[in-house]
Amino acid sequence: QVQLVESGGGLVQAGGSLTLSCAASGRTFSSYVMGWFRQAPGKERRFVAGIRWSGGSTYYADSVKGRFTISRDNPKKTVYLQMNSLKPEDTAVYYCAAGRWSSNTRDYDYWGQGTQVTVSS
C-alpha cells in the first residue's frame, strides 16, 4: 500500500507562483511513475505532469508546459509541482498519484486527498 499526502495549495493572484508537495509512504514504489492531476468544478480530472522515481524523466500536459515543473526528492520520497505564471484557469483541486507512465487516470493506482489551488484574476 502507498500513502500520498499533498500540501502547499492556497490562494494566489494571477501571475503568481505556488509549489505543491506530495509526500509518499508505504511499500517500495521505485518502479512507479508519480503524477499530478487536477480537477476543476464540474470537470473531469485531468493530467498535469508526471515523473519517474528512477531516472527522473518528466512529461507535461500542453496547457502547463513552460509554466509548471515537476521534480522529486528520492530520499525524502517527495514529489513537487512548481507552478509559475498561474492563470485563473489553473484553479482546481490538485491530486498526486502513483501509477504507470500514462496521462490516463485509470493507470494510476494510488491517490492523495487533493489540495485546493485558487488563482484570482
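- Closest non-hydrogen pair, Ser21 versus Trp36, comes out as O-CH2, 3.6 Å.
- To the nearest 0.5 angstrom, Arg38 atom CZ is 9.5 Å from Arg46 atom CZ.
- A search for side-chain contact (heavy atoms from CB on, under 4.5 Å) contacts involving Ser57 returns Arg52, Trp101, not counting sequence neighbours.
- The hydrophobic clustering, which links ILVMFWY residues whose side-chain heavy atoms are closer than 4.5 Å, places Tyr80 and Val93 apart.
- To the nearest 0.5 Å, atom OH of residue Tyr32 and atom CG of residue Leu4 are 10.0 Å apart.
- The SG atom of Cys22 sits 11.0 Å away from atom CH2 of Trp111, with the distance rounded to the nearest 0.5 Å.
- Expressed to the nearest 0.5 Å, how far OG1 of Thr115 lies from OH of Tyr94 amounts to 10.5 Å.
- With Tyr59 contributing its side chain and Ser102 its backbone, the two residues share a donor-acceptor pair below 3.5 Å.
- Distance check: Ser25 OG to Gln3 CD gives 4.0 Å after rounding to the nearest 0.5 Å.
- Listed for the Tyr108 side chain is no donor-acceptor partner under 3.5 Å among the backbone atoms of Val33.
- A donor atom on one side chain and an acceptor atom on the other are not found under 3.5 Å apart for Asp73 and Thr78.
- Here the closest heavy-atom approach between residue Ala98 and residue Met34 is recorded as CB-SD, 3.7 Å.
- Checking side-chain atoms of Arg45 against main-chain N and O of Gln39 turns up no donor-acceptor pair under 3.5 Å.
- Cluster annotation: Leu81 and Val64 are assigned to the same hydrophobic cluster (Ile/Leu/Val/Met/Phe/Trp/Tyr, side-chain heavy-atom contacts under 4.5 Å, transitive).
- When side chains are defined from C-beta on, Leu18 counts as touching Val117, because their heavy atoms get closer than 4.5 Å.
- The distance from atom CG of Asp90 to atom OG of Ser63, rounded to the nearest 0.5 Å, is 7.5 Å.
- In this structure, the side-chain contact (heavy atoms from CB on, under 4.5 Å) partners of Thr118, at least two apart in sequence or on a different chain, are Leu11, Thr91, Gln116.
- Of all the heavy atoms in Ala40 and Ala92, the pair that sits closest is N-CB, 3.8 Å.
- Looking at every heavy atom in both residues, Arg72 comes nearest to Gly56 through NH2-N, 3.5 Å.
- Between Phe47 and Phe37, the distance from one ring center to the other falls under 6.0 angstrom.
- Shortest non-hydrogen contact noted between Ser85 and Ser17 is N-OG, 4.4 Å.
- Using a 4.5 Å heavy-atom cutoff, the side chains of Tyr60 and Thr69 are in contact.
- Across all their heavy atoms, Pro88 and Ala14 have their closest contact at CD-CB, 4.1 Å.
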Report task. In sequence, state the C-alpha distance, the side-chain angles, and the governing distance for Thr105 and Tyr95, and then conclude on side-chain contact (heavy atoms from CB on, under 4.5 Å). Result -> CA-CA 11 Å; Thr105 57; Tyr95 296 90; over 6 Å; no
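- No hydrogens or angles considered: nothing links the side chains of Gln13 and Ser120 as a donor-acceptor pair under 3.5 Å.
- In the displayed structure, Gln113 atom CD is contacted under 6.0 Å by more than 12 heavy atoms of other residues, nucleotides or ligands.
- At a threshold of 4.5 Å between side-chain heavy atoms, the hydrophobic network of Ile, Leu, Val, Met, Phe, Trp and Tyr places Val12 and Val48 in one connected group.
- The salt bridge (Lys or Arg N to Asp or Glu O under 4.0 Å) test applied to Lys87 returns no partner, not counting sequence neighbours.
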